Amino acid sequence: MSADLPLLSLVIWAPIIGGVLVLLASKPEQAQLAKMIALTASVITFLLTIPLYTGFDLSTYQMQFVENSTWIPTFNINYHLGVDGISMPLILLTAFTTVLVVIAGWEVIKYKMAQYMAAFLIMDGLMIGVFAALDSVLFYVFWEAMLIPMFLIIGIWGGERRVYATIKFFLYTFLGSVFMLVALIYMYSQSGSFGILDMQAMKLDMSEQTLIFLAFLIAFAVKVPMWPVHTWLPDAHVEAPTGGSVILAAIMLKMGTYGFVRFSMPIAPDASQSLDWLMITLSLIAVVYIAFVALVQKDMKKLIAYSSISHMGFVTLGFFVVYTIIENTGSVQGAAMGIEGALVQMISHGFISGAMFLCIGVMYDRMHSRLIADYGGVVNTMPIFGAFLVFFAMANAGLPGTSGFVGEFLVILSSFKANFWIAFLAATTLIFGAAYTLWMVKRVVFGDVANEKVARLKDLNNREFFILGTLGVAVLLLGLWPAPLLDVMHATVNHLVEQITQSKL
Amino acid sequence: MPNNFQMPDLMPALPEIFLLTMACVILLADLFFRDENRVFTYLLSLATLAITAALTVTMHSDVPVYTFDGSFVSDTMGDVLKVFVYLVTAVVFIYSRDYLLNRNIFKGEYFVLGLFAVLGMMVLISAHSLLTIYLGLELLSLALYAMVAFHRDNSDATEAAMKYFVLGALASGMLLYGMSLLYGITGTLDIGGVQGAVADLEDSKKLVLGLGLVMVIVGMAFKLGAVPFHMWIPDVYHGAPTAVTLFIGTAPKMAAFAMVMRLLVEGLGDMHAQWQDILIIMAVLSMAVGNIIAIAQGNIKRMLAYSTISHVGFLLLGILAGTQAGYSGAMFYAIVYALMGMGGFGMIILLSRAGFEADKLDDFKGLNERSPWFAFIMMILMFSMAGVPPALGFYAKFAVLQAVVDSGLTWLAVVAVIFSIIGAFYYLRIVKLMYFDKAEDSLPLETSTDMKVVLSANGLGILLLGLAPGSLLALCTAAIG
């Protein structure tokens, strides 16, 4: 792979430029053209991300595909990009999901097709930018700018209460991130650099670390979302169009957890250690309590939204249980396993939650209802779809052989090294997760045909089959053979464990 | 009797002299134009601004040049601000043309008064003695009072002008009183002299000095529109013809910033500890009142008026930080605000037409249906004002916050960002109206092409400068340093 090609810049800007081109075809009669441009741009972007994987050096934790040039000299801000074993898979996931979302909107979107596609393409570039940025201001710019297309997607193409949901979404996330901004500026005024790697290396005393950790916590906890700042998510998910829900669940939530490993833990290791009880408690509340909340939902999208919160609790648990593991066993390997499990869970949840929302979208497009009670016996009229839904539901419940199992298993296994009760509570998710997902499937898919409308349902068309089939393959592949993903992470995670357990005091 | 009079060096003031001459020429020439040829006045005014800009740029020297016995200075900060004043004023004239034509008030006076206001701003920006500051300020204010009252038959406008005049005169009186106290205690009108005298003032006189300081700050706070001296802003912005609101809301903010720099920072810099506390209170109140009350507004001109107040709060943050970075951040903020405000009020004019003022929030409903392009432009402006990257407004807030944190006032930065979240709500509401609601008004936008082009450039500029804000930031840093 040629080192000269600014691959990351291409991956960020190709979809954004594609989005602008799509806008040029904004007349209603040009919808077909707009779709074609959007598909081409998203596919090109995905193809461009593949060299990131094939050319990735597994042996080092150092940033790769680095680009660095001056951006705003007044504040020593640089256009600094690079990826490591944590961010590279997320970039692939983002580009991959966007292709599916573009295809998913193909026939469904009737209003302002060009703007819809452009919003997703621009967001694609911005989200990749978040994962690739190594300068904190650049990161912040991508992180915030991404809210704008999402705000419009939910607000324009969303459901009935879309205005409420989208403003809530925007203000919640905006609220979180401005505190992060203050923390970043504070560190700049101490160290004179906005570089993320410089911030990871700088000395900070305990009170500084605690405040910085809390500022980051507000930003990332809202995004993950962690209990108790999760309430925007069910609203946003329910009201968003299918594509918006997929991007929210598959990518945006990962940014919060990504923030923990990129910012909070390496920058404030001592505060992370002293506050890990808080993080573990919040994670367990998300895992257990939110699972109960999911159990009683009547709306399928809401159910999956709560299930997402519960699953993301696993990710944060996997991160913050590290300190207890090291304290109890001194095993760096065990600690690394927890983090790797959490990272696998992030990728896997990207596939599974995306697939679940797409499945609900398939039903919604036909029935215009998300309520479980309106369905029943769908398998009789849509057998192929039924099979897919059952498969993804199993994956969501963590069935061995699917990707959902790998991450959860690794996290639970490492939690045992920390504390039996933590592991016990985390493991209950295998039961509750199965309960709420399978119960929903039972009510929707199985049984007798519930009503006239269900009786008239048509099974998947080729487009839908392609989307769900691709995701199905991804879920199976990652579940049966996670090694390629784990190999990518090893070096980075080992370095991360070293970094976050080394006191800065 | 010996003749001690020495001719001062007029060259540093050449742009001012040229503008004054041209304003008088246009005033006279306008008498001879018939109404159908009035457009010549407009074109002449634009040409005047362009030439004045060219003069300012060519006359620029990197070291400050003092003339008129030290009461006038031409330096980098002044020149940068002046060029932006010309730019903003020219755009204001372009935006105003259709608006004035549609209301039968396309008169030469609008442009002549505008040019005199510009002259006032130039004098204010270049002032280096208490007297020149006052002179520039009054020249500016008088022109603005007349412009607000310019639409004579409109009772709202007349009322606004009256309020503006009475309150403005009161504030000028305060400022003048403060200046007289400063003069009394220091014995000099020269800003440099005041600075020197304050530095070695004995303690017994500090009380009087403090009183002078407070009076001066009151005067300046009024002109800037900082809480608690903000009452005139919503009424005047609302009552004045939109073309005038557009002008009042933009260019004079940059001049007011220069006034604060000359008087407070340069002249009374040694009293930073005293005025910092006052400015902190005013900044926090401005951000709070501006952002919270803006939410309750149904009229977009009033909403933008309260938004201005909150922006002034942010601008004060930069000044009170008391560092070079803070001053350049505040200067950047003033310029960016002028550019954003210009676009925001420009959008109101764009949606207005003969016999219809698009000054209700609801007039923006469904703009994405009527004109996706201008809905997009307005969206950029709103996100920029809310401080969401990548729009330019974010970097303005960023620069100011950075200075505040750097001077150890992290808590103040936290307060500021909390209010900016509250502020985000009402900017988002405009985006919501444009994109999520159905249009009530289906008439096409009818405006001349030049306005459409300039307004597009205005909005896109906010976005593109946001992608590459380095040069403008560096310019402000160089201007202060």
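This one's a predicted model, so the numbers in the text were calculated from it and none came from an experiment. All values below were derived from every heavy atom in this structure, side-chain atoms included, with hydrogens, water molecules and symmetry-related copies excluded. Numbers restart at 1 for each chain; the letters A, B, ... are given by sequence-line order, proteins then strands.
- Looking only at heavy-atom pairs under 4.5 Å with chain A, the residue among B:T477, B:V417, B:V431, B:I422 that has the most is B:V417.
- When each of A:I148, A:L147, A:I72 is checked for heavy-atom pairs under 4.5 Å with chain B, A:I148 comes out on top.
- Only the side chain of A:I77 comes within contact range of chain B, with heavy atoms under 4.5 Å apart.
- When the shell of 6.0 Å around CD of A:E29 is examined, it contains more than 12 heavy atoms from other residues, nucleotides or ligands.
- For the atom pair OH of B:Y427 and CZ of A:F170, the computed distance is 12.5 Å after rounding to the nearest 0.5 Å.
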Exercise for the section: Test side chain to side chain contact (heavy atoms under 4.5 Å, CB included) on B:L473 and A:F75 and set out the steps. Expected result: CA-CA 9 Å; B:L473 268 166; A:F75 296 116; 3.8 Å; yes
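- Residue contact with chain B, scored on non-hydrogen atoms closer than 4.5 Å, involves the backbone and the side chain of A:Y186 alike.
- Note: A:L181 CG to B:K397 NZ = 11.0 Å, rounded to the nearest 0.5 Å.
- With a 4.5 Å cut-off on side-chain heavy atoms, B:L428 and A:F174 do not count as touching.
- Residue A:Q190: no heavy atom, backbone or side chain, is found under 4.5 Å from chain B.
- If you measure heavy-atom distances from A:Y79 to chain B, you find no contacts under 4.5 Å at all.
- In plain terms, the two heavy atoms of B:P390 and A:A145 that are nearest each other are CD-CB, 3.6 Å.
- The contact between B:Y435 and chain A is made by backbone and side chain atoms together, counting heavy-atom distances below 4.5 Å.
- Here the closest non-hydrogen pair linking A:S189 and B:D406 is CB-OD1, 2.8 Å.
- Contacts between B:A325 and chain A at a heavy-atom distance below 4.5 Å are absent for every atom of the residue.
- Counting heavy atoms from C-beta outward, B:F398 and A:V137 have side chains that approach closer than 4.5 Å.
- Contacts between A:S177 and chain B at a heavy-atom distance below 4.5 Å are absent for every atom of the residue.
- No option in A:Y164, A:W157, A:Y111, A:F151 other than A:F151 meets the ring-ring contact (aromatic ring centres under 6.0 Å, His included) test with B:F436.
- Minimum interatomic distance between B:V388 and A:E144 (heavy atoms only, all atoms of both residues): CG1-O, 4.1 Å.
- Looking at A:L211, neither its backbone nor its side chain comes within 4.5 Å of chain B, counting heavy atoms on both sides.
- Contacts between A:Y172 and chain B at a heavy-atom distance below 4.5 Å are absent for every atom of the residue.
- A heavy-atom distance below 4.5 Å is found between the side chains of A:Y188 and B:Q402.
- Between A:W71 and B:Y395, the two ring planes are perpendicular [angle over 60°; tilted spans 30° to 60°].
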Practice task
Show your reasoning for whether side chain to side chain contact (heavy atoms under 4.5 Å, CB included) applies to B:E369 and A:K112.
Solution key: CA-CA 9 Å; B:E369 298 273 311; A:K112 300 257 181 203; 4.0 Å; yes
